Student: 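First the structure, then my questions, so here it is.
Just follow the structure's listing: the first ligand is 1, and inside any ligand the first atom is 1. Remember, it's a predicted structure, so these values are computed and weren't measured experimentally.
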Amino acid sequence: MPSLNRRDALRLLALTLVDLGVPGCPGAFAAENAGVPDETRRWWKEAVVYPIYPRSFMDSNGDGIGDLPGIVSRLDYIATLGVDVVWLCPHYPSLNVDNGYDVSDYRAVMPAFGTMADFDCLVSGLQTRGLRLIVDLVVNHTSDRHPWFESSRRSRDDPYRDYYIWRDGIDDGPPNNYPSLFGGPAWRRDDVTGQYYLHLFAPEQPDLNWANPKVRAEVHGIMRLWLDRGVSGFRLDAISFISKQPGLPNLTPDELHDPTRVYAAGPLRDAYLQEMSREVLSRYDTMTVGEAGGVCLTSARQMTDSSRHELDMVFTFALIGLERDGAEAASLLPRIKSIVAERDAAAGANAWVASYLANHDQPRSVSHFGDPDPAWRAASAKVLATLLLTQRATAFVYQGEELGMSNYPFTSIDQIEDVRAKWEWREKVGSGAVPADVEMERLRRTSRDNARTPMQWTSGPNAGFTTGTPWLPVNPNASVVNAADQAVNGDSVLAFYRRLIALRKRHPVLVYGAYSDIDPDHPTVFAYTRSLSASRCLVLMNFSRAPVAFRLPVGLTAVETLLSSLPDEGLSGTGKVVLAGWQSLVLSIAAAG
Ligand code: NOJ
Ligand code: CA
């Protein structure tokens with residue numbers, strides 16, 4: 001048994017304190033847990049996670065690019081929000097074709113973001129405040145400039161050849177009809193050997209060959225390196241795609257409509273995850289959240305079933321994938337309700353899911369699901385916060401969502417940096433298939449860059465993000481949507497997030513309680529109960545501008561307003577709750593009789 005270094009000793013101490021239930025210790029359980037069976041409680045179920053896109057969070061040196069010292073300078077802000085875990089999007093050296101998701105060295109820090117010492121400082125700064133860090137593990141693919149790939153492409157018998165997926169072409173074309181998820185074919189011919197390599201994303205992101213045990217051993221080594229540096233787990237990028245279909249047959253016309261279903265259904269996916277758990281994760285106190293594109297709920301349930309030892313939770317895509325197309329927010333409500341109910345049911349007793357309404361790949365949640373009109377932006381952002389943080393799932397609050405940041409008013413493709421949007425533009429507009437204004441309107445609604453514009457800290461120049469020129473433009477609404485103003489305004493979206501996160505911490509029923517939609521057919525109100533032993537809550541959310549008097553079902557009495565998104569607390573006599581436009585309420589309830 002090796003002797004304990006300082007980090008291991010600290011981890012052991014933290015584990016002991018957690019076991020003792022010491023409050024304020026990272027991972028300590030919520031105080032009142034009546035009714036939660038001990039064997040199902042986990043610190044990562046009770047955690048609220050704050051994803052950070054480092055390039056856009058805070059720039060410390062005026063080069064216009066966010067960095068690790070910038071994040072360190074904002075740790076008090078993050079801690080005051082009440083979150084427990086920070087998920088850091090990729091921080092490794094990268095050619096930045098896909099902003100860090102094309103990794104060229106898994107064992108170092110991107111120079112533009114800082115140094116390893118800055119990384120250690122981030123870990124310890126979080127630990128001091130009782131928070132944990134998880135990092136992005138991007139191992140479905142590497143950068144084409146990773147030394148493994150540079151070696152692999154040199155010759156057909158290079159020792160690294162089998163780290164990637166090389167095939168001969170067929171009739172002067174690629175080996176099969178797989179499309180890349182960013183546009184164009186998923187194969188690129190390499191002149192050096194005349195073979196094609198597989199890339200499910202951009203050509204600069206060749207897919208690793210997980211069938212090669214050496215690749216898997218490399219991944220395990222990378223994981224240990226970061227865990228030993230003090231991280232508490234991983235968000236596993238594109239993890240559903242790591243096992244490829246035997247023989248790589250062509251997709252059928254039907255499968256071509258959604259290739260992710262096939263890409264995600266490789267026969268060894270679960271075996272690779274179980275091996276990862278056995279070799280690495282089981283030896284640490286971690287949380288893992290897998291990006292599970294193309295995975296149906298049944299598989300998601302399997303992948304997170306605690307008895308199978310694969311992942312702790314996954315991001316599923318049904319909710320985030322809803323297309324609004326400029327319609328009224330309430331038009332999405334029937335589908336939101338059924339997806340939330342199905343997702344909750346899938347989690348069941350042994351599995352777990354993630355609750356998220358935005359991330360760095362999606363439009364801003366208030367623009368996607370709420371009402372971004374300045375008159376309704378804050379109110380609707382609070383309703384969405386309520387939805388996000390009252391699920392039986394670990395909640396992810398994406399940077400800036402706690403301020404109600406909204407989409408950027410893009411007017412030209414020249415303002416857009418995202419590799420996927422540029423591919424799509426070339427394919428659609430470049431080929432003449434789609435008029436430029438139609439595609440621009442779509443990108444304004446859906447572009448990933450909406451989530452990547454700089455964090456809005458102040459109403460000053462560049463929203464306080466940088467003293468230089470920001471790598472993406474700052475949203476002009478920073479003058480009215482920013483952290484400094486909201487921090488001193490008790491009615492702000494930020495203040496509401498702080499109250500709501502604190503409420504979730506105080507009431508385990510909001511984490512573990514059974515979910516029941518009490519009015520699935522209501523056209524504008526989302527109403528559900530959460531129940532855990534004697535503790536019961538009712539969550540009411542009005543998804544429209546019109547006020548509504550909501551009738552409580554017979555036998556259900558609202559006892560107390562635990563949290564209202566507006567000063568008016570809504571309770572009006574027995575049997576009825578009046579909700580203003582875009583108001584949410586969390587009520588404690590009692591069954592009558
Ligand atoms: C999912 C990541 O979230 C996204 O940003 C990236 O482009 C792809 N995976 C490829 O790594
Ligand atoms: Ca910088």
Student: Has Arg74 got its NZ or CZ under 6.0 Å from the middle of the six-membered ring of Trp457, at an angle within 45 degrees of the ring axis?
Tutor: yes
Student: With ring pair (Phe, Tyr, Trp, His ring centres under 6.0 Å) as the test, pick out the partner of Tyr163 among Trp148, Tyr197, Trp210, Phe149.
Tutor: Trp148
Student: Are Glu424 and Arg442 close enough for a salt bridge, meaning some N to O gap below 4.0 Å?
Tutor: yes
Student: Run the salt-bridge test on Glu46 and Arg42 with the 4.0 Å N-O cut-off and return the result as yes or no.
Tutor: no
Student: Listing residue and atom name, which protein N/O/S atoms are closer to the Ca ion (ligand 2) than 3.0 Å?
Tutor: Asp59 OD1, Asn61 OD1, Asp63 OD1, Ile65 O, Asp67 OD2
Student: Has Arg426 got its NZ or CZ under 6.0 Å from the middle of the six-membered ring of Trp423, at an angle within 45 degrees of the ring axis?
Tutor: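 Yes - Arg426 lies over the ring of Trp423, closer than 6.0 Å to its centre and within 45° of its axis.
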Student: Looking at Arg216 and Glu275, is there a salt bridge between them, counting it only when a charged N and a carboxylate O are closer than 4.0 Å?
Tutor: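 So Glu275 pairs with Arg216 through a salt bridge.
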Student: Please determine whether side-chain hydrogen bond (donor to acceptor under 3.5 Å, both in side chains) holds for the pair Asp144 and Gln205, giving the CA-CA distance in whole Å, both sets of side-chain angles, and the decisive distance to 0.1 Å.
Tutor: CA-CA 6 Å; Asp144 63 344; Gln205 295 168 299; over 6 Å; no
Student: Report yes or no: do Asn176 and Trp187 form a side-chain donor-acceptor pair below 3.5 Å?
Tutor: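 Side-chain D/A pair, Asn176 to Trp187: present.
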Student: Given a heavy-atom cut-off of 4.0 Å, could you list the residues near ligand 1 in chain and number order?
Tutor: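 Contacting ligand 1 under 4.0 Å are Asp98, Tyr101, His141, Phe182, Phe201, Arg235, Asp237, Glu291, His360, Asp361, Arg448, Arg452.
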Student: Can you tell me which residue among Asp361, Asn99, Asp449, Leu443 is in a side chain to side chain contact (heavy atoms under 4.5 Å, CB included) with Asp418?
Tutor: Asp449
